[in-house]
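The sequence lines fix the lettering, A, B, ..., with proteins before strands; numbering per chain opens at 1. Model, not experiment: these values are computed from the prediction.
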There are 2 protein chains.
Amino acid sequence: MYTIGQVSELFRLPISTLRYYDKEGLFPNIERVSGIRKFGEKEIETLRVIECLKKSGLEIKQIKQFMQWCVEGSSTYPKRKELFETQKKQVEAEIERMNKVLDMLKFKCWYYGEAMKNGNEDKLSSLSVSDMPSEIREAYLNSHD
Amino acid sequence: MYTIGQVSELFRLPISTLRYYDKEGLFPNIERVSGIRKFGEKEIETLRVIECLKKSGLEIKQIKQFMQWCVEGSSTYPKRKELFETQKKQVEAEIERMNKVLDMLKFKCWYYGEAMKNGNEDKLSSLSVSDMPSEIREAYLNSHD
DNA sequence: TCTTGACATAAAGTTAGGTTTAGGATTTAT
DNA sequence: ATAAATCCTAAACCTAACTTTATGTCAAGA
């Protein structure tokens, strides 16, 4: 069992954030001893799920909905599974988008490296795709549709 | 040359967002004909860079700073290159985190698939890591530190 | 020429996800 | 037993990134 301060250190989250999550219903039925929250293994796993669902793009309200399904029991297994399947697809798509962003960044790093060598962008601005090093060309084409 | 409405369709961004970006200084020296904005190739590439830098985690203010560097000329090539190098590292780290999130989601999909087969979580809650299918075990271990 | 649709601005409003503040209660170390 | 650290709540506050509203200008087709 952990106090809110210990959990705060464990997850590197401000105490105020943990209290905010609780107020929003993300720890349904969390145990309290004379008013003080006691975080058990269940709440620790809940926090891991919160971080995961948040990063997958869900809002706090929707995460609360998920926690309510957990309280409702086995009848909501299909809903819960579907939620994770949906978020899995979202994250896969997001990783693809991030790889495109990464390719744009790679291209720009190369671009400014060249600009620094030349002292200007004259040569670069009249550059056609076929004149780029193959790795850079790949990145450029992937990031410019 | 594009009007704001055409750019809005091209990038699927609300017109109000484009005007907001302009107000924030993200299109320095954009051409105007009797008050009406004319978006050229330069502004189109600027928008690609804006989307890229935003997704890499930069705020509008910092993107404005970058656009100012572009106006200042060749003396800011090193700053610009460094910015892209930094954001490249950020995005690489972010993709790693997203892959961890993905592994958590994979595990949870499997978990609720099993729960649905069994009708309850009894078997799952007493499950040790070594009893999981290897692919799921990998995902579980990667997402639980 | 007149109407319609797209453009413009300034300023106020919105939203999510917290954070801070004010005022107490409780626990822990000395 | 007392002081310091940690806990509590309710409510006000904050910020970024837009969006909406009110009001007005411009351009192209009938």
Side-chain angles (χ1 to χ4, degrees), chain A residues 1-40 43-44 46-68 87 90 94 97 101, chain B residues 1-40 43-44 46-68 87 90 94 97 101:
Chain A
M1 288 292 207
Y2 305 91
T3 65
I4 201 168
Q6 290 170 325
V7 175
S8 163
E9 293 213 328
L10 254 159
F11 283 84
R12 287 157 192 232
L13 286 173
I15 289 177
S16 63
T17 301
L18 294 169
R19 290 208 263 248
Y20 166 70
Y21 288 168
D22 189 25
K23 204 178 56 175
E24 293 300 304
L26 267 43
F27 304 115
N29 312 324
I30 185 174
E31 194 187 332
R32 276 169 188 255
V33 175
S34 63
I36 288 164
R37 295 173 185 85
K38 300 293 168 184
F39 291 77
E43 281 72 33
I44 298 299
T46 295
L47 257 174
R48 278 195 281 259
V49 171
I50 290 170
E51 303 238 283
C52 167
L53 290 179
K54 252 168 58 76
K55 283 215 167 181
S56 84
L58 280 198
E59 296 179 3
I60 301 293
K61 272 185 194 174
Q62 304 173 282
I63 299 175
K64 176 188 180 164
Q65 171 69 277
F66 170 75
M67 296 307 165
Q68 287 306 314
Q87 293 320 107
Q90 292 288 317
E94 181 62 15
R97 283 189 292 271
V101 167
Chain B
M1 288 292 207
Y2 306 91
T3 65
I4 201 168
Q6 290 169 326
V7 175
S8 163
E9 293 213 328
L10 254 160
F11 282 82
R12 289 160 188 228
L13 286 173
I15 289 176
S16 62
T17 302
L18 294 170
R19 290 207 263 248
Y20 165 70
Y21 287 169
D22 188 25
K23 203 178 57 173
E24 292 301 303
L26 265 44
F27 304 115
N29 313 323
I30 186 174
E31 195 187 331
R32 277 169 188 255
V33 175
S34 64
I36 288 165
R37 293 173 186 85
K38 299 293 169 187
F39 291 76
E43 281 73 33
I44 297 300
T46 295
L47 258 174
R48 279 195 281 260
V49 171
I50 290 170
E51 303 238 283
C52 168
L53 290 179
K54 252 168 58 76
K55 284 216 167 182
S56 84
L58 280 199
E59 295 179 4
I60 300 293
K61 271 185 193 174
Q62 304 174 282
I63 299 175
K64 176 188 181 165
Q65 170 69 277
F66 170 75
M67 296 307 167
Q68 286 307 314
Q87 293 319 107
Q90 292 289 317
E94 182 62 16
R97 284 190 291 272
V101 167

Query - Protein proximity profile, nucleotides 10-19 of chain C - base contact B, sugar-phosphate-only contact S, no contact -, cut-off 4.0 Å on heavy atoms - result: -------BBB
**Report entry** Sequence-distant partners of Glu9(B), side chain to side chain contact (heavy atoms under 4.5 Å, CB included), two or more places apart
**Finding:** none
Query raised in the report: When you measure from every atom of DNA chain C, which of residues 3-10 of chain A have a heavy atom less than 4.0 Å away?
Result: none
Requested in this report: Check the distance between dA6(C)'s P and Phe39(B)'s CZ and give it to me in whole angstrom.
Outcome: 16 Å
Query raised in the report: How would you list, by chain and number, every residue that makes a side chain to side chain contact (heavy atoms under 4.5 Å, CB included) with Tyr20(A), sequence neighbours excluded?
Result: Glu24(A), Ile60(A)
Query - Nearest-0.5 Å distance that lies between atom OG1 in Thr17(B) and atom CD1 in Ile4(B) - result: 9.5 Å
Query raised in the report: Does the side chain of Arg37(B) get closer than 4.0 angstrom to OP1 or OP2 of dA8(C) through an N or O atom?
Result: yes
Query - Ile15(B) side, atom CD1; Thr3(B) side, atom OG1 - distance, nearest 0.5 Å - result: 7.5 Å
Which atoms of nucleotides 25-30 of chain C (N or O only) lie under 3.5 Å from a protein N or O atom, and what are those distances?
{"unit_1": "dT27(C)", "atom_1": "OP1", "unit_2": "Ser34(A)", "atom_2": "OG", "d": "2.6"}

Query - Summary of salt bridge (Lys or Arg N to Asp or Glu O under 4.0 Å) pairs that have at least one residue in residues 48-61 of chain B, sequence neighbours excluded - result: Glu45(B)-Arg48(B)
Query - Spacing of Phe27(A) atom CZ relative to dC8(D) atom P, expressed in whole Å - result: 12 Å
Requested in this report: Report the distance from atom CD1 of Ile15(B) to atom P of dT19(D), rounded to the nearest whole Å.
Outcome: 12 Å
Report task. Would you kindly give the CG-to-C1' distance between Asp22(A) and dC8(D), to the nearest whole Å? Result -> 11 Å
Query raised in the report: How would you list, by chain and number, every residue that makes a side-chain hydrogen bond (donor to acceptor under 3.5 Å, both in side chains) with Glu43(A), sequence neighbours excluded?
Result: none
**Report entry** Set of ring-ring contact (aromatic ring centres under 6.0 Å, His included) partners for Tyr21(B), sequence neighbours left out
**Finding:** none
Please tabulate, for the side chains in residues 28-38 of chain B, all donor-acceptor contacts under 3.5 angstrom to protein atoms that are two or more places apart in sequence or on a different chain.
{"unit_1": "Arg32(B)", "atom_1": "NH1", "unit_2": "Gly35(B)", "atom_2": "O", "d": "2.9"}
{"unit_1": "Arg32(B)", "atom_1": "NH2", "unit_2": "Asp22(B)", "atom_2": "OD2", "d": "3.3"}
{"unit_1": "Arg37(B)", "atom_1": "NE", "unit_2": "Asp22(B)", "atom_2": "OD2", "d": "2.6"}
{"unit_1": "Arg37(B)", "atom_1": "NH2", "unit_2": "Asp22(B)", "atom_2": "OD2", "d": "3.4"}

Requested in this report: Output all residues satisfying side-chain hydrogen bond (donor to acceptor under 3.5 Å, both in side chains) with Ser56(A), sequence neighbours left out; order by chain, then residue number.
Outcome: Gln87(A)
Report task. Using whole Å, report how far CG of Leu18(B) lies from P of dT19(D). Result -> 10 Å
Requested in this report: Applying ring-ring contact (aromatic ring centres under 6.0 Å, His included), name anything that partners Phe66(A), two or more places apart in sequence or on another chain.
Outcome: Phe84(A)
Report task. List for me each residue that meets side-chain hydrogen bond (donor to acceptor under 3.5 Å, both in side chains) alongside Arg19(A), sequence neighbours excluded, and say none if there are none. Result -> none
Requested in this report: Indicate whether OP1 or OP2 belonging to dT9(C) is found under 4.0 Å from a side-chain N or O atom of Arg32(B).
Outcome: yes
